[in-house]
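If you read the sequence from its start, that first residue is 1, and numbering goes on from there.
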Amino acid sequence: ISFGVNLAIVILLTILVICTVEFVFPLYKGIPGLGMPVWGTCVAIAYSFFCAFGCALVYATVGQQFSGGVCILLQVLFGVLVPGSARANIIAVMLCNTIVSQSTGILSDYKTALYLQVHPRNMFKGQLLGATIGVLVSAGVFVFVLFLNDSGKLHLGSAAWPAVGAVLSGSKPYSCP
């Protein structure tokens with residue numbers, strides 16, 4: 001398979017993730033796509049894609065993961081781009097952390113594959129499949145937890161779920177218990 005085919009696979013999987021986050025999941029309180037604008041999802045994925053190169057370079061050079069720093073910067077960026085939407089801010093960071101973590105994780109997997117003499121193309125395919133499944137499952141669990149909260153089966157904002165409770169509190173200030 002040529003570089004162009006691999007690039008096409010990456011682009012198609014990116015479009016699949018954007019469509020899944022934005023259109024497949026149900027509306028939550030009238031907000032489509034988990035409350036993240038379509039352009040915001042595209043910005044978060046593009047930002048994460050470019051930051052993944054720098055984080056991978058740092059990880060390959062010194063063995064230190066640097067994904068937290070780029071996620072904090074994205075939080076500040078989305079605080080400016082989508083003011084007043086904690087939900088969009090958290091989803092952007094979730095996407096960024098997933099993309100950057102998977103990108104640095106693949107370096108470690110390639111090193112193991114090198115030792116085990118596994119073909120790099122098979123590692124690439126496995127990582128694409130795993131990353132896609134991970135994003136879909138993470139977003140699905142998020143929707144399921146919000147459904148359980150709406151049905152009263154669990155209570156977000158309690159001591160067990162403080163971070164998600166902060167998002168759901170809307171404009172009310174959230175204080176730690």
Side-chain angles (χ1 to χ4, degrees), residues 1 5-28 31-60 63-75 77-78 86-114 116 118-149 154 156 160-161 163-164 167-168:
I1 299 176
V5 172
N6 285 335
L7 182 63
I9 290 170
V10 170
I11 290 171
L12 287 175
L13 287 175
T14 302
I15 291 170
L16 173 70
V17 168
I18 291 171
C19 290
T20 301
V21 169
E22 293 298 329
F23 304 115
V24 173
F25 288 116
L27 294 175
Y28 178 71
I31 303 171
L34 303 176
M36 175 72 129
V38 176
W39 63 265
T41 304
C42 296
V43 167
I45 288 175
Y47 170 87
S48 303
F49 181 76
F50 287 112
C51 286
F53 285 107
C55 291
L57 181 63
V58 169
Y59 181 67
Q64 183 70 29
Q65 289 204 11
F66 189 66
S67 60
V70 297
C71 290
I72 291 171
L73 186 59
L74 185 67
Q75 263 186 315
L77 180 66
F78 265 78
R87 185 179 308 275
N89 196 313
I90 287 178
I91 291 172
V93 171
M94 175 193 71
L95 286 172
C96 179
N97 190 31
T98 301
I99 291 169
V100 174
S101 296
Q102 289 291 328
S103 298
T104 55
I106 197 170
L107 290 176
S108 177
D109 291 346
Y110 273 126
K111 185 167 81 172
T112 304
L114 179 67
L116 296 174
V118 175
H119 197 273
R121 185 163 287 130
N122 292 335
M123 284 300 299
F124 177 74
K125 291 175 186 174
Q127 277 289 333
L128 281 179
L129 181 64
T132 303
I133 290 171
V135 168
L136 298 177
V137 168
S138 295
V141 168
F142 186 75
V143 169
F144 183 66
V145 167
L146 292 177
F147 168 76
L148 290 176
N149 182 59
L154 66 92
L156 298 176
W161 299 86
V164 181
V167 173
L168 295 177

In terms of heavy-atom contacts, Leu95 and Ala44 come closest through CD1-CB, 4.5 Å

Q) Just by modelled atom types, is the Thr98 backbone N or O under 3.5 Å from a matching donor or acceptor in the Ser101 side chain? A) no

Self-check item: Side chain to side chain, Val70 and Cys55, heavy atoms closer than 4.5 Å
Solution: yes

Main-chain N/O of Thr104 paired to Ser108 side chain as donor or acceptor, under 3.5 Å | no

Check: With a 4.5 Å limit on heavy-atom distance, are the side chains of Phe78 and Ile91 in contact?
Finding: no

Here the gap from Asn97 atom CG to Ile90 atom CD1, rounded to the nearest 0.5 Å, amounts to 12.5 Å

Closest non-hydrogen atoms of Gln64 and Val58, given as atom of the first, atom of the second and distance, are O-CG1, 3.6 Å

Scanning both residues in full, the closest heavy-atom pair of Ile99 with Phe49 reads CG2-N, 4.3 Å

Closest non-hydrogen contact found for Val93 with Gln75 is CG2-CG, 3.0 Å

Less than 4.5 Å apart, any side-chain heavy atom of Ser103 and any of Tyr59? no

In short, Val100 meets Ser48 closest at the heavy-atom pair CG2-O, 3.9 Å

ask   = Under a 4.5 Å cut-off applied to non-hydrogen side-chain atoms, are Leu77 and Leu74 in contact?
value = yes

